[in-house]
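A note on names: the letters A, B, ... follow the listed sequences, proteins ahead of strands, and every chain is numbered from 1.
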Amino acid sequence: MANVYKSTLNLPKTAFPMKANLVQREPETRQRWAKMDLYGMIRAAAHPKGRYILHDGPPYANGDIHIGTAVNKILKDIIVKYKTMQGYDAPFVPGYDCHGHPIEHAVRRELAGKAGAMSPVEIRRRCEAYARKFIGHQSEQFQMLGVLGRWDQPYLTMAPAYEQREMETLAHLADQGLIHRELRAIHWCMHCETALAEAELEYADDEGPSLYVLFKVIKQNPDDALGIAQAELYSAPEPVYLMIWTTTPWTLPANMAVAVHPDYEYVALRFSFRNEKRIAIVAKELAETVKQAAGLSDAEELFTIKGEDLAKNVTYEHPFMGPPPGAEARCVCADPTMVALEEGTGLVHSAPGHGREDNLMGLRFGIPTYSPVTAQGRMDESVPDWIQGKTVWEANDIILKHLAESGHLVASGMTAHRYPHCWRCREPVIFRATEQWFVALDKADEGKSLRHRALEAVGGVHWLPAWTESRIRAMIETRPDWCISRQKVWDVPIPALYCKACGQALLTGDMMRAAAKFYGRHGSGAWYEATVEDVFGKAPACPNCDAADWRMETDVFDVWLDSGVSWASACEVEGFEVPVELYIEGSDQHRGWFQSSLIMGVVARGQPPFRTCITHGFVVDEEGRKMSKSLGNTVSVLDEVKRLGADVVRLWTSSVDYTCDIRASDTLISSLQDAYRKIRNTVRFLVGNLADFGAGTDTVKPGGMEEIDRWLLARLQRLVADVTAEMEAFQFHRVYQLVHLFCVNDLSAFYLDVQKDVLYCDATASPRRRSAQTAMAHVAEVLVRLVAPVLVHTAEEAWSHLPAPAEGNATLRSTRREESVHLAAWPQVDAKVLDEDLLAKWEWLQDVRRDAYAVLEAFRRAGKFDKHTETRVALAVADAAELQRLREVGAETLADLLLVSELLLVAPEEAETLEGEKAMGNADDGKRLHSATLLVQEYARCERCWNYRASVGEAEPEDLCARCRQVVAEQT
RNA sequence: GGGCUCAUAGCUCAGUCGGCUAGAGCGCGCCCCUGAUAAGGGCGAGGUCGGUGGUUCGAGUCCACCUGGGCCCA
């Protein structure tokens, strides 16, 4: 039924659509930004608070962005946008990590066999093209998320200027004598034929051989033995063996020693083996386990000997190798770090050429590093001919058989273990001793070691969350020397020289600075086609033999050195002050970028390159498990953006506590749609009710405003204060909760619901309507700015629909409607408006309202009425003071708040005399109301405002209340 | 196996110095409205605070151990 009075109402009107249609609208918004050069405008604007540099950690230029990189960039964008609005100059220069094994590996795979015939320069050219392709993809994808930055000019670690600055920075390492060349057991991928850094390994569950092997002790005259403890060892009539346990038989040829724990007790077991009696030494605590595992059913314990005694001049024969290369004999060594009682026999096979621990032990005991395995993973010519040329995996079986035949194998089987694999080719890796360049962490000829300096620097950084400080500290404390050379081509070549005459390796700071200039001019790939003179001018004389004939290094630097100097190559060259304000990355970067950057900052500038370092968690699936393609639980962020829009993905990002694991799924991200719509619709409703509001002429001064409107403005100040505090603490999920709660509770369910009558039905220019609009205009403007860092597109859209602000409007901070919300200033708290007493009073009124609603709901359920506006209600309040306070507020005001047509406030005894239906509130449950009485409705309904009023029918037209009669009369 | 870390309604989060009958919003269920309408409002049901011990008058909160996840390392 058409209502004749509907046209006389002030119903909401706005072009700001309810339906977001983000998928279509967001790209349009971004096109507008591109056209107006929003990023340039922001840069050109005034920045009263100075510079705020959030330095982008460069993602690897390989593949599409994923949910994790998206979360990372969104967090960065939120911070940059917020700081910009706060008045900082916060440029965002995105970067890409371009060099490194993954790209080279992908390119070589694409080339298949053809790579072998190609020059390094040609392969590098293809690597560069590969990187550029993905830089293009990722840049586009990041921008789809609404991330604003200098996308047309990112920093690239492969740019010659970057490489130049990198080499200049790395020269400090050489200047400080921290670079050295050493034979070290390192992770080696025999498939890719390269050394691998820790970060390039993936551990996977694997199965491998498990065998118990006997090493025969070389008997000495018992009288010559040291100490009584050893006498039994040599006086036994049976042969005595050391029993070791290994899962890598191919390392047995490289065995140089057996380690025991000095404090452990070892026991001699006599058992039957191949028709003879033998004695084997094992740790006492493991004896039972070994007996069972090795099937030594008749083993009897003869005597015990302490580890430290066992390590005194006891030597043994290798089962199939000759004398140890570079040493007189293989002996038992006491080393507590090598031995544990979790598995094995308590005697540990040590091959310094094929294990990190073994390698370190070798250094401690002066045992040579023997590594008879080639780069291709084959046994070299120093081993017996029956395994020469075999791969290590082939050697495993052959050695096992050989040991069994020669009577050195007690037992063998298979065992599950976590084994490291190459992160690119997925092949299992081995430990192999090679000559590599290292950064020394503990070298302290003069002053403090680099490790020490780095640890000191950790204390100067603000780590968020706080526990990350101890994590990175522990990592720096325990990390091994940094292996910085790789046998690859797609990275910065190490500008080292090798003397052809004497083999001396040479790498100095001056050489690196010369190379820096050369790389800057020609790109680092030119190294491969250059002569020594091209790079260094004149060939230096060999410090060892004085010759000047050099071979140029073919290894390149570790890719982590590239990104580790980005603070220099990307920030300093821009003129950004280092340390920069903020690094924020995932928790894996404690071992990666955070650490490499910190170490290089300490080396080259004596301080960390960042003031604050934030760590965020990893994105995991709905159950909290890691995402993997094989599990099929990944979330495609690009699909989510195409499905829901970037702002919903951004809202989701902002809604979670990123310091722990972040759970993600289609469902979880979709669930933010409701919150998004609530915020959008709330803003839309505000805007819709401001269609006729001219801020210049219609604004009501604070003194002339209704109390509820002054409350709203105070509430808004509270919100601004709280949100600002949470933004400062980078607690975006609290911001989300605060804003959402404000929209849901304070605006939608309370203020806006209550004010609809005034907004719709009062005369357009009535003082109390203008008062409400003044408050709402302010709320809309502030709210849009508060959500702008997160809902970058939606806020922009809403911004364009806000009513024009007035010149000198006291309630609006900004008098200029900037062309973009991202150019606007962050709202400031107005302490004069933030009236705590008023807030407390209205919190109480909201509580009263909630209580009354709970009681009234019983009537509605009983079918007594449908709408509150139909009702006349008497509230009986038991507490006299409470009743008095409510009477001071006024029954009429309360009626408006409860949306009822009339309200009576009575004491409980008065309620008894009232006619009508009663419903009891429970006075004991802490609620303020004693009871509510639903009174007989005596008034007629006003056909315009739908309120039941005594004034309806008092005059013509008889179907209107007094207020509406006057409004309608004025309109005609 | 080691270091660090996380665990509170279906979901996302609060819960300060130990005082709690453990809160909120969303979602869900029921109801109302149809003048925010692919909207709006109301009420309600949801929890052994991962588990087990301990300290304490009192533990979601402190301690120990365990379980399950995550990152990093072996």
Side-chain angles (χ1 to χ4, degrees), chain A residues 3 5-7 9-14 18-20 198-199 201 203 340 342-343 355-357 417-420 465 467-475 477-480 586-592 595 615-627 652 654-657 659-663 665 667-668 670-675 677-678 680-682 684-689 731 733-734 736-745 748-750 752-754 756-757 759-761 849-850 852-858 860-861 863 865-870 899 925-926 944-946:
Chain A
N3 186 319
Y5 295 115
K6 186 164 176 175
S7 62
L9 297 171
N10 307 296
L11 293 178
K13 206 173 101 184
T14 177
M18 173 180 287
K19 192 169 187 310
E198 288 73 24
L201 297 173
Y203 286 80
E342 270 85 39
E343 53 187 5
R356 172 166 298 146
E357 302 295 317
H417 56 164
R418 301 270 295 164
Y419 199 83
W467 56 260
T468 57
E469 175 170 354
S470 54
R471 178 176 156 102
I472 196 148
R473 197 177 282 282
M475 284 183 170
E477 273 166 1
T478 57
R479 69 158 297 156
S587 57
D588 55 334
Q589 299 305 331
H590 284 138
R591 184 148 300 265
Q595 197 177 133
T615 304
H616 62 74
F618 266 60
V619 179
V620 293
D621 77 1
E622 230 165 345
E623 267 82 51
R625 272 163 224 282
K626 77 152 99 184
M627 288 189 174
W652 166 76
S654 83
S655 75
V656 297
D657 178 0
T659 59
C660 352
D661 300 334
I662 303 158
R663 292 178 185 225
S665 70
T667 319
L668 287 175
S670 300
S671 69
L672 266 294
Q673 275 186 115
D674 290 302
R677 289 199 197 104
K678 189 71 187 187
R680 183 184 178 93
N681 273 329
T682 304
R684 177 174 182 266
F685 188 67
L686 290 170
V687 171
N689 281 291
Q731 300 243 54
H733 66 289
R734 307 292 289 261
Y736 160 78
Q737 303 244 348
L738 286 166
V739 168
H740 188 234
L741 221 52
F742 178 71
C743 289
V744 171
N745 283 350
S748 199
F750 181 63
L752 296 174
D753 210 31
V754 168
K756 276 177 201 168
D757 179 70
L759 291 165
Y760 295 175
C761 306
R849 185 175 188 258
R850 246 188 304 275
Y853 270 38
V855 182
L856 285 174
E857 186 64 13
R860 197 217 304 272
R861 295 261 163 184
F865 66 86
D866 290 327
K867 297 198 282 185
H868 279 189
T869 48
E870 297 166 19
L899 306 179
D925 70 354
R944 182 170 177 275
C945 69
W946 296 348

Worksheet item: Does a salt bridge link Glu469(A) with Arg473(A), judged by any charged N lying under 4.0 Å from a carboxylate O?
Response: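 Counted as a salt bridge, because a side-chain N and a carboxylate O are separated by less than 4.0 Å.
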
In whole Å, what separates the [atom1] atom of [N] from that of [M]?
N      : M      : atom1 : answer
G27(B) : G44(B) : C1'   : 14 Å
G41(B) : G46(B) : P     : 24 Å
G60(B) : C6(B)  : C1'   : 15 Å
A39(B) : U48(B) : C1'   : 41 Å
G18(B) : G58(B) : C1'   : 8 Å

Reckon [X] touches a base, only the sugar-phosphate, or nothing at all at heavy-atom distances under 4.0 Å?
X         : result
His740(A) : sugar-phosphate
Gly617(A) : nothing
Leu9(A)   : base
Arg944(A) : base

Worksheet item: Is Tyr760(A) stacked on the base of G35(B), meaning ring centres closer than 5.5 Å and planes within 30 degrees of each other?
Response: no

To the nearest Å, how far apart are [X] [atom1] and [N] [atom2]?
X         : N      : atom1 : atom2 : result
Ile662(A) : C71(B) : CD1   : P     : 12 Å
Tyr736(A) : A24(B) : OH    : P     : 16 Å
Lys867(A) : C32(B) : NZ    : C1'   : 10 Å
Phe685(A) : U34(B) : CZ    : C1'   : 14 Å
Arg734(A) : A14(B) : CZ    : C1'   : 6 Å
Trp946(A) : G35(B) : CH2   : P     : 4 Å
Phe618(A) : C72(B) : CZ    : C1'   : 9 Å
Asn745(A) : A24(B) : CG    : C1'   : 8 Å

Worksheet item: With sequence neighbours excluded, what pairs up with Arg734(A) under the side-chain hydrogen bond (donor to acceptor under 3.5 Å, both in side chains) test?
Response: none

Fill in: Below 4.0 Å: OP1/OP2 of G35(B) and any side-chain N or O of Lys6(A)
yes

Worksheet item: At under 4.0 Å, does any side-chain N or O of His733(A) touch on OP1 or OP2 of A14(B)?
Response: yes

Measure all distances between protein nitrogen or oxygen atoms and nitrogen or oxygen atoms of nucleotides 37-42 of chain B, and list the pairs falling under 3.5 Å.
{"residue": "U37(B)", "atom": "OP1", "partner": "Arg684(A)", "partner atom": "NH1", "Å": "2.9"}
{"residue": "G40(B)", "atom": "OP1", "partner": "Lys678(A)", "partner atom": "NZ", "Å": "3.2"}
{"residue": "G40(B)", "atom": "O3'", "partner": "Ser748(A)", "partner atom": "OG", "Å": "3.0"}
{"residue": "G40(B)", "atom": "O2'", "partner": "Lys756(A)", "partner atom": "NZ", "Å": "3.1"}
{"residue": "G41(B)", "atom": "OP1", "partner": "Lys678(A)", "partner atom": "NZ", "Å": "3.4"}
{"residue": "G41(B)", "atom": "OP1", "partner": "Ser748(A)", "partner atom": "OG", "Å": "2.6"}
{"residue": "G41(B)", "atom": "OP1", "partner": "Ala749(A)", "partner atom": "N", "Å": "3.3"}
{"residue": "G41(B)", "atom": "OP2", "partner": "Lys678(A)", "partner atom": "NZ", "Å": "3.2"}
{"residue": "G42(B)", "atom": "O2'", "partner": "Glu857(A)", "partner atom": "OE1", "Å": "2.8"}
{"residue": "G42(B)", "atom": "N2", "partner": "Arg861(A)", "partner atom": "NH2", "Å": "2.5"}

Worksheet item: Considering every strand shown, what is the Watson-Crick or G-U wobble mate of G68(B) when both distances are under 3.5 Å?
Response: C6(B)

Dump every N/O contact between nucleotides 4-6 of chain B and the protein below 3.5 Å, one line per pair.
{"residue": "C4(B)", "atom": "O2", "partner": "Arg471(A)", "partner atom": "NH1", "Å": "3.4"}

